[in-house]
> 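For reference, the structure I am asking about is given below.
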Number of protein chains: 2
Amino acid sequence: MATMKDVAKLAGVSVATVSSTLSGRSFVSDELKQRVEAAIRELGYAPNAMASGLKRGTSSLIGLIVPDITNPFFTELVHCIQRRAAEAGFVVLLGVSDDQVAREVELIALMRSHQVAGTIVIPCGGEQDCMNLSRLAAGMPLVAADNAPPGMAVDTVVLDNRMAATLATSHLLSLGHRIIATIAGPPHRFVSHERFVGFTTVLEGKGLSVGADHVKRGDFHVASAREAGLALLQSAPRPTAIFVANNQMLIGTMQAVAEMRLSVPRDVSIIAIDDFPWAAAFTPTLTTVRQPIDALAEAAIERLKLRVGGLQEDPCRVVLAPELVIRQSCRAPLEDA
Amino acid sequence: MATMKDVAKLAGVSVATVSSTLSGRSFVSDELKQRVEAAIRELGYAPNAMASGLKRGTSSLIGLIVPDITNPFFTELVHCIQRRAAEAGFVVLLGVSDDQVAREVELIALMRSHQVAGTIVIPCGGEQDCMNLSRLAAGMPLVAADNAPPGMAVDTVVLDNRMAATLATSHLLSLGHRIIATIAGPPHRFVSHERFVGFTTVLEGKGLSVGADHVKRGDFHVASAREAGLALLQSAPRPTAIFVANNQMLIGTMQAVAEMRLSVPRDVSIIAIDDFPWAAAFTPTLTTVRQPIDALAEAAIERLKLRVGGLQEDPCRVVLAPELVIRQSCRAPLEDA
DNA sequence: CCCCCTTGACGAAACGTTTAGCTAAACGTT
DNA sequence: AACGTTTAGCTAAACGTTTCGTCAAGGGGG
């Protein structure tokens, strides 16, 4: 690998001049500029990002910590964040916490040791874990997205989860459903809690109550929802609609329905939070509440850029609105039900 | 951020001793070791990966360049690679080429400038582009996976694409299909070509020929396959089965079938290469040819580790076998067809 | 004509590690 | 007792940048 010294020698200038040419931070005459550029081309020189990072005490890296990249919501979020990061000149250092808080903590340290300019984290833990996270960040710009409770000491970018649940639940009510069940997420997580509260609040507002039999908890993965779905569909009275807390559990729920030889939406209506690329390819096509994923990514990168730029002010919270996407998996309940 | 110097001062030793304690590369007495460790804890010291990387001329970073993270095959591959990389002590620097060869080339340079230990790339171009890639790698350990033609000057890890096509086509033949169409991938790509050759070879072996009307080219994305599917389903004679070259195009094909008010597998059988997490959640469940994704990831990381370790030998090619996953989207053609 | 300011380029000192080479002490051998 | 050998630890020189301070040359104002 050619270094700046080699370039300088070939161009007959000092390394300082080469550096100035590259960074444009101070004036270099056109003549030298051209000699330097020629030398760079000839040697195939590329700057050593580690040396530069070491000297400057920071880098063009940003950390991105996600719980699980195979969940299509996270896949899309990673995709959007990576694209916007690249546009902003950042390279993404990817960490997967695998839903383990301990791993998440390790990853924060890892990011720091790699001198990232900042980190975007999608926390996988409960409120307490999140508070802990913001403490660990100390010094490193951190933005928490998605599962980020208010009160964290860092910028947060989240969906309006209550509104998402409200949209879904109101939609079911407006179709005439009165016996509505839910498959909620892990109780300690912020997003689960909000979605569940949104759900119950709407029902209570209508004077409806949800029986304990009609509330199941999953872990946001497929299998747990299949089991929960089977239980719900065997309960009496059988719910005419199910509100599912995320996309993966939606799949599990559909499996349960199929196993019971029931049909969506004839026997039961299903709605979930998180749209996903193939929701329109299923039979029936799936009604969902869509998160504005790209807007989340944009806001996260935006906040990070500001913090990296040295902005010192109180943590800011960005809350974005969801959107109801009506497809075929919900319709009015059968009269005879 | 505390540095090694701070630790050394607090522990009353030299920085060299701290370094030795951390790396274990030379002997340090138990007493000093403990003093150093105590100081590290007290200061919350974490090594500066850039300084270490600069000095050692390499890092614990590996580059990973993929065309498109939202394609579930790539999602899963990234997931597996990232997991195995983490197990091997590497951190993944993620680059997305977005199917653009120029971007891919930039990313290789980017990885190099970040002093990665090595890079795994899933090339997005044709044979020539791939040859070019191996040249660009010069000096940096590179492993090409998936769309990697033989003859590249680097280690390659690929699916036996012809066998995959053979499994799929033979399955259709064994069910009794004789009018079989295909939606192939972009012609210049290695994987497309192999899959297409596998398909035609099997048919020709049976004395069957494929009409030009029954061969469509897509771009591996959903929309192109929808169009191709519509065209195929309107051709005469209508094919009784379609072999689709990848998972995203499978979705597009299913959409086309639905738009034509036809039904799978009654009116047409559909099979594709690339299994994906929800293939079993569709109605009907989808018959596919599964790539051994984790084995691909394992082999890629394994080769990379060897090369990073300094192995100098001729490029090696790992070819892995696919597996037919029979579900509901293929069955015998209707007699009256 | 002198002084001062600006401009363009350079030299050299960092940044936080790793590591080769060195020192001094401790030990075992004759 | 003199000598090598081993050991534990230290000193200092890199690694490839960035950047501060310096410097010479040139120009303009007094």
Side-chain angles (χ1 to χ4, degrees), chain A residues 1-37 39-40 43-61 89 91 109-117 139-140, chain B residues 1-37 39-40 43-61 109-117 139-140:
Chain A
M1 287 300 304
T3 74
M4 239 166 88
K5 217 193 275 186
D6 302 324
V7 174
K9 201 189 305 175
L10 182 60
V13 300
S14 74
V15 288
T17 304
V18 180
S19 180
S20 302
T21 307
L22 257 50
S23 68
R25 225 177 295 282
S26 93
F27 261 101
V28 179
S29 67
D30 278 349
E31 196 213 325
L32 289 202
K33 213 177 273 184
Q34 288 182 11
R35 293 224 309 264
V36 167
E37 277 157 8
I40 286 177
L43 294 171
Y45 166 80
N48 180 326
M50 307 217 97
S52 153
L54 170 61
K55 179 58 190 168
R56 304 198 330 200
T58 183
S59 69
S60 61
L61 264 35
V91 194
L110 187 73
M111 295 306 169
R112 162 173 277 133
S113 94
H114 280 277
Q115 310 289 108
V116 295
M140 166 173 69
Chain B
M1 286 300 304
T3 76
M4 238 165 89
K5 217 194 275 186
D6 302 325
V7 174
K9 200 188 307 175
L10 182 59
V13 300
S14 74
V15 288
T17 305
V18 179
S19 181
S20 303
T21 308
L22 256 50
S23 68
R25 224 178 297 281
S26 94
F27 224 78
V28 179
S29 67
D30 277 350
E31 197 214 322
L32 289 202
K33 212 178 275 184
Q34 287 181 11
R35 293 223 310 264
V36 168
E37 278 157 6
I40 287 178
L43 294 172
Y45 166 79
N48 180 325
M50 308 215 98
S52 153
L54 170 61
K55 178 60 191 169
R56 305 199 332 201
T58 183
S59 69
S60 61
L61 263 35
L110 187 73
M111 295 305 169
R112 159 171 279 134
S113 93
H114 279 277
Q115 308 290 107
V116 296
M140 166 173 70

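Each chain gets a letter, A, B and so on, in the order the sequences are listed, and its residues count up from 1.
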> Let me know the distance between CZ of B/Arg56 and P of C/dG16, rounded to the nearest Å.
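Result: 18 Å.
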> Do B/His114 and A/Ser60 come close enough that some side-chain heavy atom pair is under 4.5 Å?
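Yes, side chains in contact.
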> Determine which bases of DNA chain C form Watson-Crick or G-U wobble pairs with both distances under 3.5 Å, and write the result as a 5' to 3' dot-bracket string with | for other-strand partners.
||||||||||||||||||||||||||||||
> Pick one: which of A/Lys55, A/Arg25, A/Met4 meets side-chain contact (heavy atoms from CB on, under 4.5 Å) with A/Ser19?
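So, applying the side-chain contact (heavy atoms from CB on, under 4.5 Å) to A/Ser19 and each of A/Lys55, A/Arg25, A/Met4, only A/Met4 qualifies.
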> Please state how far atom CE in B/Met50 lies from atom C1' in D/dG16, giving the value in whole angstrom units.
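That distance rounds to 12 Å.
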> Between D/dG16 atom P and B/His114 atom NE2, what is the distance in whole Å?
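Checked: the NE2 to P distance equals 17 Å.
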> Between atom NZ in A/Lys5 and atom C1' in D/dT17, what is the gap in whole Å?
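Distance, rounded to whole Å: 11 Å.
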> Among residues at least two apart in sequence or on other chains, which ones pass side-chain hydrogen bond (donor to acceptor under 3.5 Å, both in side chains) with A/Arg112?
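For A/Arg112 there are no side-chain hydrogen bond (donor to acceptor under 3.5 Å, both in side chains) partners, ignoring immediate neighbours.
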> I want to check something: taking the side chain as every heavy atom from C-beta on, are B/Ser29 and B/Phe27 in contact at a cut-off of under 4.5 Å?
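No, every pair of side-chain atoms sits at 4.5 Å or beyond.
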> Counting only non-hydrogen atoms, which of residues 13-21 of chain A are less than 4.0 Å from DNA chain C?
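Contacting residues: A/Val13, A/Ser14, A/Ala16, A/Thr17.
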> Between A/Leu54 and B/Leu54, what is the shortest heavy-atom contact and its length?
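It is CD2-CD2, 3.3 Å.
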> Using atom types as modelled and distance alone, determine if a side-chain donor or acceptor of B/Ser20 lies under 3.5 Å from a backbone N or O of B/Ser26.
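Not at all, since once roles are kept as given, no pair shorter than 3.5 Å links the two residues.
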> Expressed in angstrom and rounded to an integer, what is the separation of B/Gln115 atom CD from D/dG16 atom P?
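It is 9 Å, rounded to the nearest whole Å.
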> Of the nucleotides C/dG8, D/dT17, C/dG16, which one has an atom closest to the side chain of A/Ser29?
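The nucleotide sitting nearest to the side chain is C/dG8.
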> Hey, is the side chain of B/Arg25 poking within less than 4.0 Å of OP1 or OP2 on C/dT19, counting only N and O atoms?
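For C/dT19, OP1 or OP2 has a side-chain N or O of B/Arg25 closer than 4.0 Å.
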> Nearest-Å distance, CZ (A/Phe27) to P (C/dA9)?
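So the two atoms are 11 Å apart, to the nearest Å.
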> Measuring from the side chain of B/Asn48 (C-beta onward, heavy atoms only), which nucleotide among C/dT17, C/dT19, C/dC15 has the closest atom?
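Nearest to the side chain of B/Asn48 among the choices is C/dT17.
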> Without decimals, in angstroms, what is the distance between B/Leu22 CG and C/dT17 C1'?
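Taking CG of B/Leu22 and C1' of C/dT17, I get 11 Å after rounding.
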> Will you find, in the side chains of A/Ser14 and A/Thr17, an N or O donor that is under 3.5 Å from an N or O acceptor?
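On atom types as modelled, these side chains qualify, holding a pair under 3.5 Å.
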> For A/Pro47 and for B/Lys55, find the nucleotide of DNA chain D with the closest heavy atom, then tell me which residue's nucleotide is more 5'.
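In this pair, the answer is B/Lys55.
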> Is the shortest side-chain heavy-atom distance between B/Glu37 and B/Lys33 below 4.5 Å?
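Yes, side chains in contact.
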> Check this for me, if you would: do A/Arg35 and A/Glu31 make a salt bridge, where the nitrogen-to-carboxylate-oxygen distance has to be below 4.0 angstrom?
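Here A/Arg35 pairs with A/Glu31 in a salt bridge, since their nearest N and O are under 4.0 Å apart.
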> Just compare D/dG16, C/dA9, D/dA8 and give me whichever is closest to any side-chain atom of A/Val28.
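Nearest listed nucleotide: C/dA9.
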> Starting at atom CG of B/Leu32, determine the distance to atom C1' of D/dC10, rounded to an integer number of angstrom.
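Roughly 11 Å, once rounded to whole Å.
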